[in-house]
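So that the names make sense, note that chain A is the first sequence line, chain B the second, and so on, each numbered from 1. Predicted model, so just to flag it, every value in this text is computed and none were measured.
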2 protein chains.
Amino acid sequence: MTTEEKIFQAAQKIFEKKGYAGARMQEIANEAGINKAMLHYFFRSKEQLFEAVFLNAFYKIAPKMNIIFMSEMSLFDKIRSFTDEYISFIVHNQYLPAFIIQEMNNNPDFVQKVLQNENAPKPTVLFKQIETEIAQGIIKPINPKQLLLNIFSMTVFPFAAPMLVKGLLQISQEEFNTLMHERKTLIAEQIINAIKNE
Amino acid sequence: MTTEEKIFQAAQKIFEKKGYAGARMQEIANEAGINKAMLHYFFRSKEQLFEAVFLNAFYKIAPKMNIIFMSEMSLFDKIRSFTDEYISFIVHNQYLPAFIIQEMNNNPDFVQKVLQNENAPKPTVLFKQIETEIAQGIIKPINPKQLLLNIFSMTVFPFAAPMLVKGLLQISQEEFNTLMHERKTLIAEQIINAIKNE
DNA sequence: ATATTTGCTAACCAAATGGTTAAACTAAAA
DNA sequence: TTTTAGTTTAACCATTTGGTTAGCAAATAT
């Protein structure tokens, strides 16, 4: 592993745990086992190092979102495969959603920068599909944005607020993981149950 | 307004916007229009000032949660009144959920401290009620923890990740507010639709 | 073989940051 | 009127923090 990779991985770990404001360049250097000057040698500044880490994190998740936005499946199958694949992925990267959400909240300017990229998921196609399926009588009438927001909320929230969820439900990390595994199919069931006709 | 109140309100504003790590004592003093030494005169340290603000925030929201945990209503009515009252309250305190969630994530020790207080919401009664209504055939079988998590996710998530939501749905703050207003009744409808028998 | 670039470190620096102090001001109690 | 207690400020302090510099050693190019 090159020094640059060591730095990047250390930065990932520290930024994800502490956020931009809470992270310290010295701590990242220690984690990487190298001299602090190397951080600036390879990445110029804390901001640029952070941006590299943040964009990498965001574009790790974005493709998973495109399952629901871009594929050719029926709405029900989109919901099923999105929840399943998203949760399967996030279980192995539990830190990502909270990190991304926190930094988007604290850095509103950043949001547009990220979402104007070509990789950024675009919901218009999905919205049209929902309207079509409503018109066909497959699902009950609902504002497409609300439906997408429901799917998203149920899928992402536990990973956005893991500490709150574990505290409120009074469960351990193990039970949390079990629940998340269950949710891979449960969320789709619940939503489809709520919107399907008959 | 006393100086202590000025400090507290300024601290609320700054901590909520920037988080503990991103907030600066000087900025809080400027916001309050007083000398920085006064912060330490009234609150001793940044940590203690933060703790006062955080606990205040948490115990503003906690009572709204007890609607669903502690009242005597039927499950459906609990869901209806929780989503309605929670969203109504949060619309006027949009910063609160993201702030609480962020600091609970960054400060895992803090979580237990907060949730061991007597005000802290306890879910056991609700879980039993759900199991009873399942046994009575009112609702379909579901893990009570999953049901609570669904209610919670749909209600809280948009306020936990407002920037991400606005970005992904490509909506303005105004449209966001409209959607949230709609959700006061929509969430309950969707969930009840998903779990009710017949 | 020599010059040059690249990777790396120790030491250093200026600014920022949380916190302290001593003195001054204010208002109420004695 | 004098004490006394609480409030406020300006100046100061020690530490932390992001960032820089000068130099060294190994690789690369000439």
For residues 72-93 of chain A, which residue pairs pass the salt bridge (Lys or Arg N to Asp or Glu O under 4.0 Å) check, not counting sequence neighbours? D77(A)-R80(A)

Decide whether a cation-pi geometry holds between K196(B) and F76(B); the criteria are a distance under 6.0 Å from NZ or CZ to the six-membered ring centre and an angle within 45° of the ring axis. no

Please report the distance, rounded to the nearest Å, between NE2 in H40(A) and C1' in dG18(D). 5 Å

Nearest whole Å is fine: how far is dT20(C) P from F43(B) CZ? 16 Å

Would you say N107(B) and Q102(B) are linked by a side-chain donor-acceptor pair, where the criterion is simply a distance under 3.5 Å? no

Separation of atom CD in Q26(A) from atom C1' in dG19(D), rounded to whole Å: 12 Å

Return whichever of A37(B) or N35(A) has its heavy-atom-nearest nucleotide of DNA chain C closer to the 5' end. N35(A)

So, is R24(A) near the phosphate of dT16(D), with a side-chain N or O under 4.0 Å from OP1 or OP2? no

Rounded distance in Å - CZ (R44(A)) to P (dG19(D)): 10 Å

Return no unless some side-chain N or O of T3(B) is found under 4.0 Å from OP1 or OP2 of dT8(D). yes

Whole angstroms only, please: what is the CG-C1' distance between L49(B) and dT17(C)? 15 Å

Closest of dG7(C), dG19(D), dT9(D) to the M38(A) side chain is dG7(C)

K18(A) NZ to dG18(D) P, straight-line distance once rounded to whole Å: 12 Å

Please state how far atom CD1 in I14(B) lies from atom C1' in dT17(C), giving the value in whole angstrom units. 15 Å

Y41(B) has its side chain closest, among dG6(D), dT20(D), dC8(C), to dG6(D)

Quick one: do K166(A) and E175(A) make a salt bridge, cutoff under 4.0 Å? no

Just so I know, are the side chains of K18(A) and E27(A) near enough to count as touching, which here means a heavy-atom distance under 4.5 Å? yes

Looking only at dC8(C), dG18(D), dT8(D), the nucleotide nearest the K46(A) side chain is dG18(D)

Which whole-number value in Å describes the distance from M25(A) CE to dT17(C) P? 16 Å

Across the strands shown, which category fits A23(B) at heavy-atom distances under 4.0 angstrom: base, sugar-phosphate, nothing? sugar-phosphate

